[in-house]
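Keep in mind that this is a model prediction, so the values were computed, not measured. As the structure lists them, so they are numbered: ligands from 1, and atoms in each ligand from 1. Quick note: residue numbers are just sequence positions, from 1.
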Amino acid sequence: MSNRDGIVIGLLGVGTIGSSVMRIIGERQRIISERLGCPIYIKKALVRDLDRSRDVDMSRLTTSVADILDDPEINVVIEVLGGENPAHEYIARAIARGKYVVTANKEVMAKHGLELLHQARENGVDIYFEASVGGGIPLIGPFRQDLAANEIVSIKAIINGTTNYILTRMAQSGTEFGAALRQAQELGYAEPDPTNDIQATDAAYKLAILATLAFRVPVRPPDVYREGIDRLHPRDFQYARELGYAIKLLAIAKRIGDGVEVRVHPAFLPNDFLLAQVNDVYNGVHVEGDLVGKVLFYGQGAGPAPTSSAIVADVIDLAQDLQKGVANRSVFKPNSALALLPMEAVRTRYYLRLQVADRPGVLAQIAKICGDNDISIASVIQKEVSDLAPFAEIVIMTHAAREDHMRAALVAMRLSSSVKEIGNFIRVEGND
Ligand code: NDP
Ligand code: HSE
């Protein structure tokens with residue numbers, strides 16, 4: 001296939017992202033064509049519902065995927081349907097018919113990316129997925145090329161715009177969780193099913209993609225330990241503020257000896273760590289490589305315009321391949337022997353918020369449980385309560401401890417007559 005006739009696009013999906021891509025390619029057609037040296041246009045766009053009103057050229061819409069996949073003139077397919085299926089099936093069919101693919105679909109790339117890259121190689125085409133992680137921030141390109149000389153030491157990242165928006169609103173304006181989520185949805189940040197954002201499934205997909213590229217080891221979504229933001233309480237934000245921390249949904253991939261830990265969960269970040277200052281829909285990806293040292297990628301991680309920026313850039317990039325008749329300029333093969341480490345082996349610091357009986361000896365009992373489980377306490381806060389209140393709230397910050405030791409301590413605390421409730425426990429991460 002060549003670009004004699006230019007870049008002829010079939011668009012799969014005309015929702016939040018697809019309609020933005022359609023508008024931008026329409027509005028900037030002349031400029032993009034000049035940059036490419038050939039014409040570019042969207043020939044057909046797939047939707048479910050033709051009657052839904054949309055701010056795009058309705059004459060291009062179709063409900064038949066065959067109008068795109070079976071059209072030999074269409075040489076590039078942009079997939080922005082979302083979800084695993086039928087997106088995965090359509091991408092595989094497009095590649096099998098010798099079409100280049102651009103996708104923003106982290107679920108498909110996290111679950112099937114390696115197989116699709118292989119299939120594309122076999123078919124002499126390529127699959128581009130810059131928009132699948134970090135919205136408009138260049139990340140896939142840098143991991144595949146610019147950082148390729150490095151052994152990656154760690155990735156610490158805020159890679160979900162919706163949850164970062166919600167956490168920022170809750171921390172800075174005291175906005176209630178549901179209202180902050182609704183705002184994120186109205187702004188076009190959330191996934192079609194926002195539980196994927198809230199429960200960190202989206203961030204786990206993105207981390208699986210980045211960790212696979214960075215450590216050259218296949219990381220699948222079930223390999224990523226995952227906790228969402230739904231169990232955070234306004235009191236946790238209050239204590240974080242008092243103690244000099246921000247609470248973020250943090251994705252971590254870290255080399256430890258011959259292994260890699262991969263996890264996504266809420267974390268206390270000290271205010272002087274750059275990622276603690278990444279707010280609203282912004283994402284931040286902090287990478288450490290053995291040669292480059294520490295690098296920070298920062299920008300809008302969700303939303304129609306930044307995501308379209310990455311998608312259209314991928315189209316411009318692949319057009320160079322089409323023009324020159326090459327594919328797979330940057331072959332990726334995971335060939336590392338690194339093992340994926342279990343969550344139980346992770347060592348980190350912890351914040352613990354407990355409701356305890358307000359009577360003599362209680363603190364000593366809790367300290368003993370920590371000591372028995374090899375957990376060293378760094379600080380304790382207990383606020384004065386009225387003499388009538390039967391329970392007090394204490395907050396413990398620990399030194400680094402093993403996750404399995406902390407879990408054993410939590411079991412012992414739950415069984416203790418002195419502990420009424422474990423309010424929360426949140427891992428504490430820093431710039432180390
Ligand atoms: P939307 O739900 O807004 O849009 C999905 C579109 O796909 C709709 O036009 C829908 O048709 C169409 N569609 C879905 N299923 C089918 C089907 N089976 N057959 C035909 N058409 C179908 O999703 P978004 O635009 O928000 O997200 C799209 C993708 O982009 C997702 O993979 C998401 O993860 C990714 N992404 C999103 C970002 C964001 O900021 N929102 C950022 C980066 C990536 P209809 O309109 O008729 O219902
Ligand atoms: N729902 C995703 C987010 C979209 O909020 O980050 C960008 O991938």
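Screening residues 291-311 for salt bridge (Lys or Arg N to Asp or Glu O under 4.0 Å), with sequence neighbours left out, gives no hits.
Taking only nitrogen or oxygen atoms, main chain and side chain alike, D49 reaches within less than 3.5 Å of ligand 1. Considering backbone and side-chain atoms alike, G15 places an N or O below 3.5 Å from some N or O of ligand 1. Considering backbone and side-chain N/O atoms, G13 never comes within less than 3.5 Å of an N/O atom of ligand 1. Of the N or O atoms in T16, one or more lie within a sub-3.5 Å distance of an N or O in ligand 1. By the 3.5 Å distance cut-off applied to N or O atoms, V14 is counted among the residues near ligand 1. Residue-to-ligand polar distances place I17 within reach of ligand 1: an N/O pair is separated by less than 3.5 Å.
Between R169 and D280 there is a salt bridge, with a side-chain nitrogen of the basic residue lying less than 4.0 Å from a carboxylate oxygen of the acidic one. Salt bridge absent: K44 and D71 never bring a charged side-chain N and a carboxylate O closer than 4.0 Å. E344 and R402 are not joined by a salt bridge, as no carboxylate oxygen comes within less than 4.0 angstrom of a charged side-chain nitrogen. Ion pair R353/E393 flagged as a salt bridge, since at least one NZ, NE, NH1 or NH2 atom sits closer than 4.0 Å to an Asp/Glu carboxylate oxygen.
Under a cut-off of 6.0 angstrom, the local environment of NZ in K383 is crowded, with over 12 non-hydrogen atoms contributed by other residues, nucleotides or ligands.
Close approach to E191 involves these atoms of ligand 1, each under 4.0 Å from a residue heavy atom: 33 (C), 34 (O). Here is the list of ligand 1 atoms found below 4.0 Å of a heavy atom in P192: 2 (O), 23 (O). Within ligand 1, counting atoms from 1 as listed, the ones closer than 4.0 Å to a heavy atom of P86 are 18 (N). The contact set between ligand 1 and A302, taken as ligand atoms under 4.0 Å from a residue heavy atom, comprises 40 (O). Set against the non-hydrogen atoms of A131, the atoms of ligand 1 under 4.0 Å away are 43 (C), 44 (C). Of all atoms in ligand 1, listed by their number and element, those nearer than 4.0 Å to a heavy atom of L46 are 20 (C).
The aromatic rings of F273 and H286 lie perpendicular to each other, with more than 60° between the two planes, well past the 30° mark. Taking the six-membered ring where the residue is Trp, Y282 and Y298 present parallel rings, their angle staying beneath 30° rather than reaching 60°.
Closest to atom 22 (C) of ligand 1 among all protein heavy atoms lies L81 CD2, 3.4 Å. Atom 28 (C) of ligand 1 has its closest protein heavy atom at V80 O, 3.3 Å. Closest to atom 48 (O) of ligand 1 among all protein heavy atoms lies R48 NH2, 3.1 Å. The protein non-hydrogen atom at the shortest distance from atom 35 (C) of ligand 1 is A104 O, 3.5 Å. Nearest protein neighbour of atom 40 (O) of ligand 1, counting heavy atoms only, is G303 N, 2.7 Å. Nearest protein heavy-atom contact of atom 31 (C) of ligand 1 is G82 CA, 3.4 Å.
Judged purely by distance below 3.5 Å, without hydrogens or angles, the side chains of E191 and T162 never pair a donor atom with an acceptor atom. Residues Y205 and N105 have side chains that never bring a donor and an acceptor to within less than 3.5 angstrom of each other. Inspection of the Y350 and E403 side chains reveals an N or O donor paired with an N or O acceptor under 3.5 Å. With hydrogens and angles left out, the side-chain atoms of Y128 and E130 include no donor and acceptor closer than 3.5 Å. Using modelled atom types, one finds a donor on one side chain and an acceptor on the other under 3.5 Å when comparing D57 with S59.
A salt bridge (charged side-chain N to carboxylate O under 4.0 Å, His left out) with E429 is found for exactly one of K248, R347, R263, namely R263.
The shell of residues lying under 4.0 angstrom from ligand 1, judged by heavy atoms, excludes E79. Using 4.0 Å as the threshold, G188 has a heavy atom nearer than that to some atom of ligand 1.
For the pair R349 and F268, the cation-pi criterion (under 6.0 Å, within 45° of the ring axis) is not fulfilled.
Residues G284 and V278 share a closest heavy-atom pair of N-CG1, 3.8 Å.
With T63 contributing its side chain and V47 its backbone, the two residues share no donor-acceptor pair below 3.5 Å.
The proximity of R52 to ligand 1, defined as any non-hydrogen pair under 4.0 Å, is limited to the side chain. Residue contacts with ligand 1 for T307 involve side-chain atoms from C-beta outward but no N, CA, C or O (heavy atoms, distance under 4.0 Å).
Under 4.0 Å from any atom of ligand 2, one finds heavy atoms of residues K106, N160, G161, T162, Y189, A190, E191, D197, D202, K206, G301, A302.
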